[in-house]
Amino acid sequence: MTRNTFSTKGLTKVYGEGRSAVHALRGVDLDIPEGEIVVLLGPSGSGKSTLLNIIGGLDRATDGTALFHDQNLSEMSDRELTRYRRDHVGFVFQFYNLMPSLTARENVELVTEIARDPMDSDEALAMVGLRERVDHFPAQLSGGEQQRVAIARAVAKNPTVLFCDEPTGALDSTTGRSVLNVLKDVNEKLGATVLIVTHAASQAAMADRVIHFADGGIRKVVLNEKKLTPEEIEW
Amino acid sequence: MVSPLDHKLLRDLWRMKGQAMAIGMVIAVGVGMLVMMTGLVTSLNETRAAYYERYRLADVFAPVTRAPDRLAGRLAAIDGVRSVEARVIGGALIDLDGIDLPVQAQAVSLPDLRNPRLNGVFLTDGRMIDRDRTDEILLLQSFAMAHGLRPGDRIQATMNGARRGFRIVGLAQSPEFLYTTAPGELIPDDARFGVIWMSRSALAAAYDMEGAFNEALLSLTRGANPAAVQEAVDRILIPYGGTGAYPLADQTSNRFVSEEISGLEAAAAGVPPVFLAVAAFLLYIVINRMVQSEREEIGLMKAFGYTNTEVGGHYFKLVMAIAIGGALAGCLMGIAGGRALIHIYIAYFKFPFLVFQLDPASFVTGVSVSILSASVGGMLVLRSVFALTPATAMRAPAPADYSRTGKMGRALNVWLDQPSRMVVRRITRQPGRMAGAMIGIACGMALCVSMITIYAGFDRTIDLTFNVIDRSDVMVSFNQDVSETAIFNLRRMEGVTLVEPVRHVPAILRNGRNSHRGVVTGLAPDARLNRALDNDLAEIPLQKTGIALSTALADILKIRPGDMLTVDVRTGRQPVLQIPVTAVAQSLLGAPAYMDLAALNRVLREPNRVSGAYLSIDQVHASAIYTKLQDMPTVAGVGLKSQAEVAFQTLMNTGAGAIRYVMGAIAFVITFGIVYNAARIAYAERSRDLASLRVIGFTRAETAFVLLGELAIVTLVALPLGGVLGYYLSFSIAAGFSSELYQIPAIFDPASYGFAAMVVIGAAVGSGWLVKRDIDRAELVSALKTRE
Ligand SMILES: Nc1ncnc2c1ncn2[C@@H]1O[C@H](COP(=O)(O)OP(=O)(O)OP(=O)(O)O)[C@@H](O)[C@H]1O
Ligand SMILES: [Mg+2]
């Protein structure tokens, strides 16, 4: 039996207090087995990013437990969480989040520098088709190109888990597909568990597991018998 | 490989180069001034020490009326005395062509057959005197230069009543006469007091001192007890009219040099820290705001697994880069400034050579103080870096919450247009940030106010001294204390409108362990020309018993009205008197002590004695009066107040006081640095907003108004605050410039505040213009594309 990368119980997140409190997560029970590609679908504001933040070690849950392998993320100190992110987690953020004062290559190096076993930064950029643009600054790149730099940055450290918050939102079908291929490669070659948040339901076809999210909770989980390759996905 | 964070560091530095340079400059001038001033002080002290040592300046001076030569042997036998030189000195008057007034001088003997054991002379021109030629003299170089005299020239001088001709064979300098002050005057003036060296035998003949001396010079062995030696000397010399041995520290020229050097020292200790504190504060504000604007990037780094220490270290490095860069630039500036100024001071102090020495400690202090103060600022910033959670990175930047200003905004809507409303809302919404900028600018204002107040204080000192306290035209001093009939003779002169007697009595004033070698001045009752005034410039009625001390003297002696002062008189029978202090008088020149003339004479049991007079004269008769004064045998010297005033002004503008101009310039640089910074920060924080405004159709002018309006309001609010700060700051800076020689008052002078406000507003307009240029040039697209 494959073990779970993540396993959550009653995960709850409340922003604010009293009358203005926002319940972003309302008790999420979820198991994500090792080495799977998981797609999270759900309407805007349903709590997808919030869930990613918590199991990615960026934020703390208000209540409930979140296990990474056997470690309880809720009980980790800040220092341990930092260690966890540094050694295991790759992020692709919803809002690119590149350092404006660093070039594409340097943005990738920012991560490879502190990773245990990184790939070469130029190689990572080549994977997302940006070999020619390594020395450009974010302001000189289009939105989609910035997103690809963000992906190169996330995969370059050879992460154990890869979180992608709408990685293809700004991309056309060709680059979108190549990005998904990169994610698939990371999953297959490195055995990384990949979590993708997306609004494009068709992308769910390449996942092992599709989680439907709504109003801070899981509506249903669908297991794909047969995965499609990114090329086969309708855009 | 250079780490990507270091790339970021360099690019951040480059991006904020204007600001970084402004802050670096502020640090640099603070450190530079510290290095320069301490370097000056060390160099001057070293040079002085070397000069004194090379020319064997005495440690103890012992004046006596007439002591037989054999006593020199007894002095040399005193425990702790290394060597003794017995010499003859005497007052002289030099007549110079084209000068109405005879110039006072001191004649000093040089041994006939050898070099002086103590108080050597340094020949700058010509040759030494020939002991067989009694008319040959050396003349003090600075005096000769002031009058255009050269070796080979002849001069006339009156010694002991006899007028004789002399030939100048050489010009000389001496560590003993770096500064020359005419008797009874406080301000040194090269032109108005000369020193003549001539052979002992010739001088002894002129003053009836054959086989005798009237001044003994002593040098001490290492570890000798100067007080004990002085006592022993006094025991030997008092029977022969000794007026008390005194140490080098009390010697006129040396005391003056010491005062000037300690004036520099005080300025070095007092002012740079203020500048460094301002710099630290600026650095804190700038980095703090930078961290605020880079919240997402900080969150991002943390999301990738950078630790707090690593992220904090990055920003700390930025702080350090600026602080260390500034400090190093400051060290270089300090060295360059010190090198430039030291020559001026060496010439000013008349040192014949220079021992240039930088104080390595000042580099260490300068650099570490700036690093330390920057670290304090940096640490405070790091707290907010640590507090940021990595989740911040994944959130879109939340628009600043302006909702709280809603109510006020509605009230203002009536009469404000949209851009004005934005200005007002930002100021009311983010009072913390605005307060930071405001305090910064207020600091600049305070620096300007206090420096300009100091300028006014210098003028005030001159005005008070020469127009309010002393209203005479001429000061006459007599050969010795004479009877009051001399005053009647002066009154009878044509053109003399008012004559006021005065008596100067040399004395050591003591209060417990504190003492001061000075003069008690006896003033006529209801004096009109030279008066003791209190802090409100009202005349202090001098009591029939009791003494009024100047503020400076009261401070030195740590004494208050009502206390008893010990007056150890150093003339005549040399009584030791106990006199109650009745009042404290305002005086900005020297450290005088005043008594009623009759009362002074009574306690000395020497009725009707005067030592000089203040004269008010009709300028039409000036020349005739000078000639008559010159022919009066009792008159030792005549001083013109106008000359004294010029000399004083020169002193203030070339000595330690000259540093005020350097500091003033620095204060202006700092003020500009601060204001420019405030403008840049505001711009950096708002560049996206401003670009958005341009995109939705605001004109350049309207966009700039949003930013500059904010700057204008902050500046205007900062002015009064800075005025108040400056008021208090000016006291400590004034204290730094005040010495025993003269005091600088920190007076409230509205014009100074107005001028300082103009400087700050000027800096704001200049900075605003520079920033506006950038707003106009900003590329809309790139400003909007990335968050910064
Ligand atoms: N820092 C915060 N403070 C208050 N509420 C927040 C905060 N972050 C998120 N929320 C709220 O939590 C809820 C879930 O937000 P989340 O970002 O997880 O949604 P999402 O599913 O990722 O939406 P989208 O698809 O639009 O990105 C939303 O209602 C949001 O308004
Ligand atoms: Mg989201």
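In what follows, every chain begins at residue 1, and chains take the letters A, B, ... in the order their sequences are listed. Keep in mind that what you see is a predicted model, and the values were worked out from it rather than measured. Side chains included, hydrogens not; waters and symmetry mates left out as well; all remaining heavy atoms used.
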**Student:** Can you confirm whether A:Glu106 sits close enough to B:Arg11 that some side-chain heavy atom of one is under 4.5 Å from a side-chain heavy atom of the other?
**Tutor:**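 Counting from C-beta outward, A:Glu106 and B:Arg11 do come under 4.5 Å.
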
**Student:** How many angstroms lie between atom CG of A:Leu102 and atom CD of B:Glu297, to the nearest 0.5 angstrom?
**Tutor:**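 Interatomic distance, A:Leu102 CG to B:Glu297 CD, rounded to 0.5 Å: 8.0 Å.
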
**Student:** Evaluate the side-chain proximity of B:Leu300 to A:Arg153: yes if any heavy-atom separation is below 4.5 Å, no if none is.
**Tutor:**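 Yes - at least one pair of side-chain heavy atoms lies under 4.5 Å apart.
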
**Student:** Which atoms of A:Thr103 are under 4.5 Å from chain B, going by heavy atoms: the side chain, the backbone, both sets, or neither?
**Tutor:**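 It is both, since atoms from each part get that close.
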
**Student:** Sequence neighbours excluded, which residues qualify as side-chain contact (heavy atoms from CB on, under 4.5 Å) partners of A:Asp63?
**Tutor:**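 With sequence neighbours excluded, A:Asp63 shows a side-chain contact (heavy atoms from CB on, under 4.5 Å) to A:Thr12, given in chain and number order.
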
**Student:** Specify which of A:Thr82, A:Ile54, A:Leu81, A:Asp78 makes the most heavy-atom pairs with chain B at under 4.5 Å.
**Tutor:**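 Of A:Thr82, A:Ile54, A:Leu81, A:Asp78, A:Thr82 has the most heavy-atom pairs under 4.5 Å with chain B.
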
**Student:** With a strict 4.5 Å heavy-atom criterion, list every residue of residues 305-325 of chain B that contacts chain A, or say none.
**Tutor:**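 Residues in range: B:Gly305, B:Tyr306, B:Thr307, B:Glu310.
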
**Student:** For A:Arg79, is it the side chain, the backbone, both or neither that has a heavy atom under 4.5 Å from a heavy atom of chain B?
**Tutor:**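 Contact with chain B involves no heavy atom of A:Arg79 at all.
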
**Student:** Which bit of A:Phe137 is near chain B, if near means a heavy-atom gap under 4.5 Å: side chain, backbone, both or neither?
**Tutor:**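 Only the side chain of A:Phe137 comes within 4.5 Å of chain B.
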
